[in-house]
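Everything on this sheet refers to the single structure shown next.
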Amino acid sequence: MNTEIQDKTGAGKPSNFIKNIIDEDIKNGKNDGRVHTRFPPEPNGYLHIGHAKSICLNFGLAADYNGLANLRFDDTNPVKEEDEYVKSIIEDVKWLGFDWQDRLYFASDYFDKMYEYAVELINKGLAYVEDLNAEEIREYRGSLKNPGKESPSRGRSIAENLDLFKRMRDGEFPDGAKVLRAKIDMASPNMNMRDPVMYRILHASHHRTSDKWPIYPMYDWAHGLEDSIEGITHSICTLEFEDHRPLYNWFLANLDGAHHPQQIEFARLNLSYTVMSKRKLLQLVIERFVSGWDDPRMPTLAGMRRRGIPPAAIRDFCDRIGVAKADSMVDRAMLDSCVREDLNKNARRVMVVLDPVKVIITNYPEGKVENLTAENNPEDENAGSRMVPFSREIFIEREDFLEEAPKKFFRMVPGREVRLKHAYYVKCTDFVKDKNGEITEIHCEYDPATKGGWSDDGRKVKGTLHWVSAQHAVDVEVRLYDHLFTKENPDDARDTADFKEYLNPESLITLPNCKAEPGLRESTPGDSFQFLRKGYFCSDLKDFTAEKPVFNRIVAMRDTWKKLDQK
RNA sequence: UGGGGCGUCGCCAAGUUGGCAAGGCACAGGAUUUUGGUUCCUGCAUUCGGAGGUUCGAGUCCUCCCGCCUCAGCCA
């Protein structure tokens, strides 16, 4: 394999086309071998896992090449942006595990400089003030197949343009009255080059510059300047900006002495069984299909944090999916796999019965309580152990008992011996049903010689069950989360009405009466556990209290029995 | 017969100057196991959207064709 590249870019991470470009740049001494990237969110919404891909890419590249990565807010549109989003984005990027040190920047910090640059273009005869209104500009722009035509304003003198632009800046004109446009080519096959708008008039208060500016720069004009000013070497963005690259380059090439970063585009992330567009996510929140931006089913970083997904698992996921230019849809199972891998290593094991049925161990002394040793994590010898109380009456999982069982079922069945994890071997001797045929009570006998769950005589038991002592059990609520949508790609709803038709009615199942071992009452919100044999869960960041403990299922265990059973 | 991209296993994805198809997820077997979890083995593209061509040799070069994504905000 290409061990050379891997050694060079470190960490044994797979190569990708961006690293190849950077390797080449370094070989050629471009940018003096510097690598400087940036993550440039607009503070107008919450970050989601798609942004995480970009964050991991930009900060990861900087780390791999001993470079730097900035966090920069692209706040050029005051009517959409709010400080609240700045805060949440900062929180999310930190949570993901990245550090921009003192390099937190705002596009709005460069407004003065951008204005000067605009004047420079006007002076070069490369920009002009437009009188046409928005609708007229659209008409003049032409269509995909037909060239546009030049605006009457295009012929204005430099002096007049300078004057008008100054007056735009001074607030003399109402919103929409004029714009500043670059003078490029109205017949270009690339629509972005048909005299794109650089500045629009917006008498709006900005979250940082307040009322200082009545004009605001457009993305295409502003973004390259931001990159240039910060000395960015590789400006990484998503595929839809590919068509903007010629414009990005045109602006920078026409400004004297401006540092000129290289724009590189990659394919944005699509994840199966969810949607990623801000508009659709917003709709789910507003129409109450989810409880908020941090609903554990949301693909937002806030939602994933509340779900209990470790940031390290998201970083691992972003490494595994790679970076390329082909549109793709990553299987949610890939993320689940990363989550399980992390949690298997790190989550303390604990016993919780989700759907309890009572078991009475008829030959166990009434009133007796034993404290049994239970290891906290077989994957981590430093995790230690805890004591779990055992008594005559316990709860087990309803689905772990079958009156008549198929051959491959090796849980509790009348007459068969099974092991209670960390406790004893027990054998079912009897059971009680109510008039609906539902099991209400199971009777067992235990073997006192098997304390701890071992037998000296080499006797084999195939099944091991988790349990909770009835008198010591803590009542907890458990929320089982599943895919938000039933369809792999809810976005291709073109044939039918709308993506919300594919919402999964079982994406949240609340179990209000679960039985947990006593220690769980003391958990800190956000703690994650493996509920033995059931999956990984975390105490809910918002709703968990010692009085009413609430746990979220992060992801279920892999379950080969379920697969077998369904066949 | 507008422009710009992309097409390698069910899903991601590597494949640097042509040298004879990495890896992960998923799936299927088996071993180990006080979690039907973990771990560990094993299997899983004679083939790279298709058809031609160049070459001793092509996923990599050439030609044509097919399919998908994307662009007409004073959004980013």
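Heavy-atom basis, side chains included; hydrogens, waters and symmetry copies ignored. A note on names: the letters A, B, ... follow the listed sequences, proteins ahead of strands, and every chain is numbered from 1.
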Return the 5'-most residue of the pair A/Arg200, A/Met191 with respect to RNA chain B, ranking by each residue's nearest nucleotide.
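Checking each residue's closest nucleotide, the 5'-ward one belongs to A/Met191.
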
Using a heavy-atom cut-off of 4.0 Å across all strands, would you classify [X] as base, sugar-phosphate, or nothing?
X: A/His466; result: nothing
X: A/Ala333; result: sugar-phosphate
X: A/Leu144; result: base
X: A/Val323; result: sugar-phosphate
X: A/Lys408; result: base
X: A/Leu180; result: nothing
X: A/Lys421; result: base
X: A/Asp243; result: base
X: A/Thr76; result: sugar-phosphate
X: A/Tyr216; result: nothing
X: A/Arg138; result: sugar-phosphate
X: A/Asn192; result: nothing
X: A/His223; result: nothing
X: A/Ser143; result: base

Send over the distance from [X] [atom1] to [N] [atom2], rounded to a whole Å.
X: A/Asp319; N: B/G23; atom1: CG; atom2: C1'; result: 13 Å
X: A/Leu247; N: B/C75; atom1: CG; atom2: C1'; result: 15 Å
X: A/Lys462; N: B/U32; atom1: NZ; atom2: C1'; result: 11 Å
X: A/Leu282; N: B/A76; atom1: CG; atom2: P; result: 18 Å
X: A/Glu265; N: B/C71; atom1: CD; atom2: C1'; result: 13 Å
X: A/Ile201; N: B/C74; atom1: CD1; atom2: C1'; result: 9 Å
X: A/Tyr46; N: B/A76; atom1: OH; atom2: P; result: 21 Å
X: A/Phe165; N: B/C74; atom1: CZ; atom2: C1'; result: 14 Å

Without hydrogens or angle criteria, can the side chains of [X] and [Y] be said to hold a donor-acceptor pair below 3.5 Å?
X: A/Tyr46; Y: A/Glu84; result: yes
X: A/Glu42; Y: A/Tyr219; result: no
X: A/Ser455; Y: A/Asp447; result: no

Nearest-angstrom distance, [atom1] atom, [N] to [M]:
N: B/C66; M: B/G30; atom1: C1'; value: 44 Å
N: B/C12; M: B/G53; atom1: C1'; value: 33 Å
N: B/U16; M: B/A58; atom1: P; value: 16 Å
N: B/A26; M: B/G37; atom1: P; value: 13 Å
N: B/G23; M: B/U42; atom1: P; value: 11 Å
N: B/G4; M: B/C11; atom1: P; value: 29 Å
N: B/C9; M: B/A21; atom1: C1'; value: 11 Å
N: B/G59; M: B/G19; atom1: P; value: 10 Å

What pairs with A/His466 under ring-ring contact (aromatic ring centres under 6.0 Å, His included), at least two apart in sequence or on another chain?
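ring-ring contact (aromatic ring centres under 6.0 Å, His included) check on A/His466 returns nothing, list empty.
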
Under the ring-ring contact (aromatic ring centres under 6.0 Å, His included) test, residues paired with A/Phe551 that sit two or more places apart
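Result, ring-ring contact (aromatic ring centres under 6.0 Å, His included) vs A/Phe551: A/Phe531, A/Phe544.
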
Does a nitrogen or oxygen in the side chain of [X] sit under 4.0 Å from OP1 or OP2 of [N]?
X: A/Arg411; N: B/G36; result: no
X: A/Lys563; N: B/C27; result: yes
X: A/Arg141; N: B/G73; result: yes
X: A/Ser15; N: B/G15; result: yes
X: A/Ser188; N: B/G3; result: no
X: A/Arg320; N: B/A26; result: no
X: A/Arg194; N: B/A72; result: no
X: A/Asn20; N: B/G15; result: yes

Six-ring centre of A/Tyr105, A/Arg72 cation under 6.0 angstrom, axis tolerance 45°:
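So A/Arg72 doesn't make the cation-pi contact.
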
Among A/Phe73, A/Phe111, A/Trp213, exactly one meets ring pair (Phe, Tyr, Trp, His ring centres under 6.0 Å) together with A/His206. Which residue is that?
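Considering A/Phe73, A/Phe111, A/Trp213, a ring pair (Phe, Tyr, Trp, His ring centres under 6.0 Å) with A/His206 is found only for A/Phe111.
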
Protein N or O to nucleotides 37-41 of chain B N or O, pairs below 3.5 Å:
residue	atom	partner	partner atom	Å
B/G37	OP1	A/Thr560	OG1	2.9
B/G37	N2	A/Glu379	OE2	2.7
B/U38	OP1	A/Arg558	NH1	2.1
B/U38	O2'	A/Asn344	ND2	3.2
B/U38	O2'	A/Glu379	OE1	3.1
B/U38	O2'	A/Glu379	OE2	3.4

Report the C-alpha separation of A/Asn44 and A/Glu81 in whole Å, then their side-chain angles, then the decisive distance to 0.1 Å, and conclude whether the side-chain hydrogen bond (donor to acceptor under 3.5 Å, both in side chains) test is met.
CA-CA 5 Å; A/Asn44 74 339; A/Glu81 296 149 7; over 6 Å; no

Treating A/Asp75 as the side-chain partner and A/Ser108 as the backbone partner, does any N or O pair qualify as donor plus acceptor under 3.5 Å?
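Yes, because the side chain of A/Asp75 sits within donor-acceptor range (under 3.5 Å) of the backbone of A/Ser108.
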
How about A/Val418 and A/Val426: do any of their side-chain heavy atoms sit closer than 4.5 Å?
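Yes; the side chains approach each other to less than 4.5 Å.
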
Under the salt bridge (Lys or Arg N to Asp or Glu O under 4.0 Å) rule, what pairs show up with a residue in residues 189-206 of chain A, not counting sequence neighbours?
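The answer is A/Arg154-A/Asp195.
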
By the rule that syn is within 90° of 0, classify the base conformation of B/G73 as syn or anti.
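That one's syn.
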
Would you call the rings of A/Phe165 and A/Tyr199 parallel, tilted or perpendicular, taking 30° and 60° as the class edges?
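Ring orientation, 0 to 90° scale: tilted.
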
Going by heavy atoms closer than 4.0 Å, what residues in residues 168-175 of chain A are next to RNA chain B?
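Result for residues 168-175 of chain A: none.
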
Acceptor/donor pairs from residues 332-340 of chain A side chains to any protein atom, 3.5 angstrom cut, sequence neighbours excluded:
residue	atom	partner	partner atom	Å
A/Arg332	NE	A/Asp336	OD1	3.1
A/Ser337	OG	A/Arg320	NH1	3.3
A/Arg340	NE	A/Ala556	O	2.8
A/Arg340	NH2	A/Ala556	O	3.1

